[in-house]
2 protein chains.
Amino acid sequence: MSSLPFHETLDLSLCGKLGRVHRICRQAVTQAVEPLGFTQPRWTAMMHIHHLGEGCTQHQLACSLDIEMPSLTRTMKQLEENNVIERRIDKQDKRCRKIYFTEHGQAQLAQLKMRISEVKALLYHGLSDDELNAIAHALVKLENNAQQCCDNISENGSTSE
Amino acid sequence: MSSLPFHETLDLSLCGKLGRVHRICRQAVTQAVEPLGFTQPRWTAMMHIHHLGEGCTQHQLACSLDIEMPSLTRTMKQLEENNVIERRIDKQDKRCRKIYFTEHGQAQLAQLKMRISEVKALLYHGLSDDELNAIAHALVKLENNAQQCCDNISENGSTSE
DNA sequence: CTAGATTAGTTAGCATGCTAAGTAAATGGT
DNA sequence: ACCATTTACTTAGCATGCTAACTAATCTAG
């Protein structure tokens, strides 16, 4: 059963497996950081803000997170309500809202980084760097193929001649 | 940038990458079968019913799909409304609803199988069997690690002594 | 300088996973 | 035989992604 080649295994659950692993990994991290008041989209946003640097715009953050603006808007509101970030309208470009950590947010970030690295160690346990790299590259290929797939279909879908 | 080892790449998006690839793959398949009236949960369910054999129960199907019953209930209703399946209460055990394809459903299934195998070929383009197997095994490990992670936390969370 | 296009962000509402809590049937202990 | 538990399924409502359509600010032509 479990010795089937990958493409056979996935015959019935192509996307399913990815989705399932995604959900369960998300849950693992979420459980670890829940006591701090963070859900997955919130902690992910925190880490990316940290990475981009304070003062980044929501647009930059959405690109970094690879999600759409409306998805981000919701998370930003929550983080603001929880008093971990604040958004200040840019003086130069009044459309932009730049993101900063509050003092409380800084402290939370430090906690987050610790907990996340702990969970990450658990998740990656028994997986060599080679395996991790293999997954990463295969995922990138899959993503690109799927992207092309979508593009082709949407082109041919409307202008079919 | 893209030459970072996997664990570095994922530092900021641990679950994110999986989720993204999942979403884009799902979209690729969905676009292909949309003309037939199937969304991802619907076509996946169709394939699994086919695999389990007509007459399977919703519970069996949910296990096969690895989703919860309420998620399945919604999909079953939709498939029934679209006249591709019907559910008959089991004579032996009146709690169970056994699933059968309608005639229309049989025809749709044949169409589905064709389209899906086409998309699958596109998605797997450029990925060797070795790579696919590597991904599959790594995903299984990740899933198991995450599962243990969740279990540990929920144990220690409440009975902490 | 003003009209139209672009860009940043929001709001509204859909899709699909989930959990919690309900119903109805089957099962099991006394 | 009857009450408690378990099982199959449903309903209600949350979480987090999305798209479509909006506002407000900026940019670009003329």
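Chain letters run A, B, ... following the sequence lines, proteins first, then strands; residues in each count from 1.
- A:Thr73 has no side-chain polar atom (N or O) that falls below the 4.0 Å cut-off from OP1 or OP2 of C:dG9.
- We find that CH2 of B:Trp43 is positioned 16 Å from C1' of C:dA15, with the value rounded to whole Å.
- No more than 12 heavy atoms of other residues, nucleotides or ligands sit less than 6.0 Å from atom NE2 of A:His125.
- A:Gln78 places its CD atom 8 Å from the P atom of D:dA15, with the value rounded to the nearest Å.
- In this structure, CD of A:Gln60 is placed 15 Å from P of C:dT7, rounded to the nearest angstrom.
- Taking for each of A:Asp66 and A:Lys94 the nucleotide of DNA chain D with the nearest heavy atom, the 5'-most of the two is the partner of A:Asp66.
- Remark: A:Lys77 is in phosphate contact with C:dT11, judged by side-chain N or O atoms under 4.0 Å from OP1 or OP2.
- Atom CE of B:Met69 and atom P of C:dA21 are 18 Å apart (whole Å).
- In this structure, B:Gln60 contributes its side chain and B:Leu52 its backbone to no donor-acceptor pair below 3.5 Å.
- Close to C:dG17, at under 4.0 Å from its OP1 or OP2, lies no side-chain N or O of A:Gln27.
- A cation-pi arrangement is present between A:Arg88 and A:Tyr100, with the terminal nitrogen or guanidinium carbon under 6.0 Å from the aromatic centre and inside a 45° cone about the axis.
- Here the straight-line distance linking atom CD of B:Glu103 with atom CD of B:Glu86 works out to 10.5 Å at 0.5 Å rounding.
- Formation of a donor-acceptor pair under 3.5 Å by the A:Gln58 side chain with backbone atoms of A:Cys96 is not found in this model.
- A:Lys98 places its NZ atom 19 Å from the P atom of C:dT7, with the value rounded to the nearest Å.
- When each of D:dG17, D:dA8, C:dG17 is scored by its nearest atom to the side-chain atoms of A:Arg23, the top-ranked nucleotide is C:dG17.
- For the pair A:His22 NE2 and C:dG17 P, the computed distance is 13 Å after rounding to whole Å.
- Side-chain to base pairing of B:Arg74 with C:dG17: one donor and one acceptor N or O lie within less than 3.5 Å of each other.
- At least one side-chain nitrogen or oxygen of B:Ser71 sits closer than 4.0 Å to the OP1 or OP2 atom of C:dC18.
- Under 3.5 Å, the side chain of A:Arg95 and the base of C:dT7 form at least one donor-acceptor pair of N or O atoms.
- The side chain of A:Pro70 lies closest to C:dT10 when the candidates are D:dT26, C:dT10, C:dA8.
- Counting non-hydrogen atoms under 4.0 angstrom, B:Arg87 reaches the backbone sugars and phosphates but no base.
- Atom-to-atom, CZ of B:Arg97 to C1' of D:dT7 comes out at 15 Å; the value is rounded to the nearest Å.
- Side-chain N/O atoms of B:Thr39 include one lying less than 4.0 angstrom from OP1 or OP2 on C:dT16.
- Distance, B:Gln58 CD to C:dT23 P: 19 Å, rounded to whole Å.
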